[in-house]
Amino acid sequence: MGYDHKAIEKKWQNFWDEDQTFVAPDKSDKEKFYALDMFPYPSGQGLHVGHPEGYTATDIVSRFKRARGFNVLHPMGWDAFGLPAEQYALKTGHNPATFTDENIQTFKNQVKSLGFSYDWNREIKTTDPSYYKWTQWIFEKLYEMGLAYEDEIMVNWAPDFPGGGLVVANEEVINGKTERGGYPVYRKPMKQWVLRITAYADRLIDDLDDLDWPEAIKEQQRHWIGRSIGASIRFAVDGHDGKQIEVFSTRPDTLFGASYLVLSPEHDLVDQITTADQKAAVATYQEEIATKSDLERTDLNKDKSGVFTGAYAKNPVNGELLPIWIADYVLASYGTGAVMGVPAHDQRDYDFAKKFDLRITPVIEGGDIDKEAYSGEGVHINSGFVDGLGKQEAIDKMIAWLEENCAGEKKVNYRLRDWIFSRQRYWGEPIPVIHWEDGTQTLVPEDELPLRLPEMTEEQLKPSGTGESPLANAKDWLEVTREDGMKGRRETNTMPQWAGSSWYFLRYIDAKNGEALADPEKLAYWKNVDLYVGGAEHAVLHLLYARFWNKVLYDLGVVKDKEPFQKLVNQGMILGANHEKMSKSKGNVVNPDDIVNEYGADTLRIYEMFMGPLTQNKPWSEEGVTGSRRWLDRVWRLLINEDGSITDKLTDKADDTLKKEYNLTVKKVTEDLENMHFNTAISTLMVFVNDAYKEDKLPAAYMEGFVQMLAPFAPHLAEELWQKLTGSKESITYVAWPTYDEEALVDDTKEIIFQVNGKVRSKQVLPADASQDDLIAAAKADEKVQKNLDGLEIKKIIAIPGKFVNIVAK
RNA sequence: GCCCUUGUGGCGGAAUUGGCAGACGCGCUGGACUCAAAAUCCAGUGGUGGCAACACCGUGUGGGUUCGACUCCCACCGAGGGCACCA
């Protein structure tokens, strides 16, 4: 009877369910550990081999931590709102809720078949009204704090998006197209709900420093927030009393070198200041720009363009009149939508000035302005009171001057925009706001939450045609009347998918609480997430939004940690056997169900962890899978006879058999687990099994320790072997992790390497405590070393006890 | 263009602080078992030359530091990801 993965995996999955092995108590003297996976969107396609990679990693860590005496919170749930369900519903006439729940069931069965140690009592789904009640509650808090507001703003409008168009956030626009579906995006003013994430910009940047996250992700977030420090400078418009143009500049010290101003074509002042004879040219240019997509304005447009408005502004520092231009290289959405042109020291300004023959005055020494702009360091010239100063001194002095003369001040500017929070969709959390006929608006009272989505017929789900969400079709739900007879209309926009995923990690802490988002005592015990594993594709969107909401909840006193995820690890992608991203069209997709069926969950887990470092992309290999299975078979046969009995090689006698090998294995596997180096941990276990195969007798204690170390990786097999080996009726889960004896690792002798001129020429086994002189003497006496030294004169000898001797000779 | 990551046998990958490059697995080769095959067990396996001892070459390329470099420094090339007229 060989290793029967089907019987064993079923047996232990049932055992864990009935035994409630992985239920995490909310009160415990043990130290807590919170290991979290990014919860999946339960798509109709089911699980992909990429999913179990991260899940296996957190599962291994969770099981390891349990054995090390931690109380481990390891939950799973479903990010279940989202467009595919709504689109599917539209196509088939099915209710998105029913369809979503079916998908969740499929996902759950698949996830369970892999033997992950989740505490299923804490399962959540974002589409559950008892969950989104609290998503709506957080929105109401944001509203009360002035962090949620409605604004007529330039939005990214994707009119071709299936279902009648969609507004998307800046973060969801990639190269002028929607992140999902790739529909073209146009700038259009529309009324939208917006969250004031920019109010948290500084904290979102500064608090990154203390997080144990991959540097690349931190960099991406810093760059996304894009903090730059400079000054606001105000230029009076000549001949227009009181009208000012405000520009932002990181180099206010170059103000003496300004030779023109540029407004973005969409800037409010353009129409007011343009002179009569320039009106036509300006209007033509504006029209031209308005029809251009972002893509055309950036990627495709390498040539500077612009039009003079006919107006002039006064340079506050020297009274010079500077022509005011408009140009598309100045973006309305960044800074104040206006810049001062300092062509001598900014390449973009330089290109513009060259093209339109504008003055180029150097104000910093260095470079050659006949060729290009000079942005290097240098002493200021032609700059009045900052002449002779270096960069920082000049900046400080200029800002002081601007502040004294009311012409500007120090300013911090961000690339980050506020978060557009409304979606013209049915399948999302309703925004709990009522618009009354007198023009006022109120929140849905807290005790009436959750504001549930109405049941919709197939007909109602179709686009409203107005760009509004299909909820506008649900008349009964839409229209409300107050006690005083005032009529109102509910907000028809819903929240984006990011809403539910911005706080789900907190709900796991107290998943069924009807009175609060989570119980304060439980929040205080579990605190933030110790380990968060997921794909790098969430580097800015999800991780930035979740950090923002966590900080808001921190300010409200709900959570005690200012950051939600202490350690973040991005798993790499699992590529197809051809080293390309798995996709249906390439025909290289592997379904985890097939692997579990044929080889077992333990094999899949071992293989995915053995493929290479967790964080790197790795190609799938069918041969690799069979290799992993073969190894598990080999482990089984080491301990179990053909008839299912335990091998009689086992012995309780304590001699030195495998002593050193075992202790080394415990040390290395333990260290590797702490560092999440799963591939090398498995190879260490393989080496131990290879060593064990060479022995006639197997010390029982070592074999038990080995099975314990195998348990996080291949839990079903390990449980079965543990039961056979020890007769225990308990799960191996909470058996204390094996320890090693440092003394067993100490050798009496060491193999010493002898080098001549850095090349290994010989080796000798010497006493471990041999001194430097002993080593040198042994090296000099070595036959091969002597041969290689023949005819040479020894110049220098480097010897490190316990390691090597290098003789340098000429 | 800028930022981040990365480059090691036929393949996936290992190598603690600068100290034996290639652990472990796959594949391949040979042996044992078998009537035979599969499975399993054992052994070998970076390249070139040599019967061999051994020698030389070898971690993307070129240089540098060092007794010694996959590891540190400089320049370049390739791959992956992110951002892109950000004032």
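Convention: sequence-line order gives letters A, B, ...; per-chain numbering from 1.
- If you check the side chains of A:Tyr414 and A:Asp202, you find a donor sitting under 3.5 Å from an acceptor.
- At the phosphate of B:rA55, OP1 or OP2 sits under 4.0 Å from a side-chain N or O atom of A:Arg761.
- Note: CD1 (A:Ile574) to P (B:rG12) measures 15 Å, nearest angstrom.
- The distance from atom CG of A:Leu664 to atom C1' of B:rA23 is 13 Å, rounded to the nearest whole Å.
- In this structure, A:Leu358 and A:Pro323 approach most closely via the heavy-atom pair CD2-CG, 4.2 Å.
- When rounded to the nearest whole Å, the span between CG of A:Leu416 and C1' of B:rC83 equals 14 Å.
- A donor-acceptor contact closer than 3.5 angstrom links the side chains of A:Ser305 and A:Tyr285.
- The distance from atom CG of A:Asn617 to atom P of B:rC11 is 18 Å, rounded to the nearest whole Å.
- More than 90° away from 0 lies the glycosidic angle of B:rG31, which makes this nucleotide anti.
- Here B:rC67 presents its C1' atom at 13 Å from NZ of A:Lys795, a figure rounded to the nearest Å.
- Within 4.0 Å of A:Lys218, counting heavy atoms only, lies no atom of the nucleic acid at all.
- Judged purely by distance below 3.5 Å, without hydrogens or angles, the side chains of A:Ser771 and A:Asp773 never pair a donor atom with an acceptor atom.
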Footprint string (nucleotides 38-47 of chain B, 5' to 3'): B base within contact, S backbone only, - free, heavy atoms under 4.0 Å: --SSSS----

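- Looking at A:Asp209 and A:Arg222, a side-chain N of the basic residue comes within less than 4.0 Å of a carboxylate O on the acidic one, giving a salt bridge.
- Mapping A:Lys618 and A:Phe248 onto RNA chain B by nearest heavy atom places A:Lys618 closer to the 5' end of the strand.
- Taking atom CD of residue A:Gln616 and atom P of nucleotide B:rG7, one finds them 7 Å apart after rounding to whole Å.
- Between A:Glu783 and A:Arg761, no side-chain nitrogen of the basic residue sits less than 4.0 Å from a carboxylate oxygen of the acidic one, so the salt-bridge criterion is not met.
- Atoms CZ (A:Arg227) and P (B:rC83) sit 20 Å apart, rounded to a whole Å.
- Backbone-only engagement by A:Thr680 is indicated by non-hydrogen atom pairs under 4.0 Å involving sugar-phosphate atoms exclusively.
- Phosphate proximity of B:rG12 to A:His579: present, with a side-chain N or O under 4.0 Å from OP1 or OP2.
- If you find the closest nucleotide of RNA chain B to A:Ile682 and to A:His223, the one lying nearer the 5' end belongs to A:Ile682.
- B:rA23 atom P lies 14 Å from atom NZ of A:Lys668, rounded to whole Å.
- A salt bridge links A:Arg348 and A:Asp346; the closest N-O separation between the charged side-chain nitrogens and carboxylate oxygens is under 4.0 Å.
- Within the nucleic acid shown, A:Asn679 comes within 4.0 Å of sugar-phosphate atoms alone, with no base atom in reach, counting heavy atoms only.
- A:Lys660 meets the salt bridge (Lys or Arg N to Asp or Glu O under 4.0 Å) test with A:Asp747; sequence neighbours excluded.
- Between A:Lys763 and B:rC20 there is no side-chain polar atom (N or O) within less than 4.0 angstrom of OP1 or OP2.
- Residue A:Gln347 is classed as having no contact, given no heavy-atom separation below 4.0 Å to the nucleic acid.
- By the 4.5 Å heavy-atom criterion applied to side chains, A:Leu638 and A:Arg634 are not counted as neighbours.
- Taking the centre of each ring, A:Tyr607 and A:Trp631 stay at or above the 6.0 Å mark.
- The P atoms of B:rU66 and B:rC11 are separated by 36 Å, rounded to the nearest whole Å.
- Checking A:Thr198 against A:Asp418 by side-chain atom types alone, a donor-acceptor pair falls below 3.5 Å.
- Contacts of A:Asp346 with the nucleic acid, taken as non-hydrogen atoms under 4.0 Å apart, are absent.
- A sub-4.0 Å separation between OP1 or OP2 of B:rA21 and a side-chain N or O of A:Lys759 is absent.
- Of all the heavy atoms in A:Ala714 and A:Leu632, the pair that sits closest is CB-CD2, 4.2 Å.
- Legend: residues meeting ring-ring contact (aromatic ring centres under 6.0 Å, His included) with A:Trp325, ordered by chain and number and at least two apart, are A:Phe308, A:Phe352, A:Phe356.
- Taking atom C1' on both nucleotides, B:rU45 is separated from B:rA23 by 15 Å, rounded to a whole Å.
- Base pairing in RNA chain B gives the following stems of 3 or more Watson-Crick or G-U pairs, range against range and under 3.5 Å: B:1-7 with B:77-83, B:10-12 with B:24-26, B:27-32 with B:40-45, B:46-49 with B:54-57, B:60-64 with B:72-76.
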Output one line per pair: protein atom, nucleotide atom from nucleotides 2-5 of chain B, and distance, for all N/O pairs under 3.5 Å.
none

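- Against RNA chain B, the stretch residues 333-343 of chain A makes heavy-atom approaches under 4.0 Å through A:Tyr334, A:Val339.
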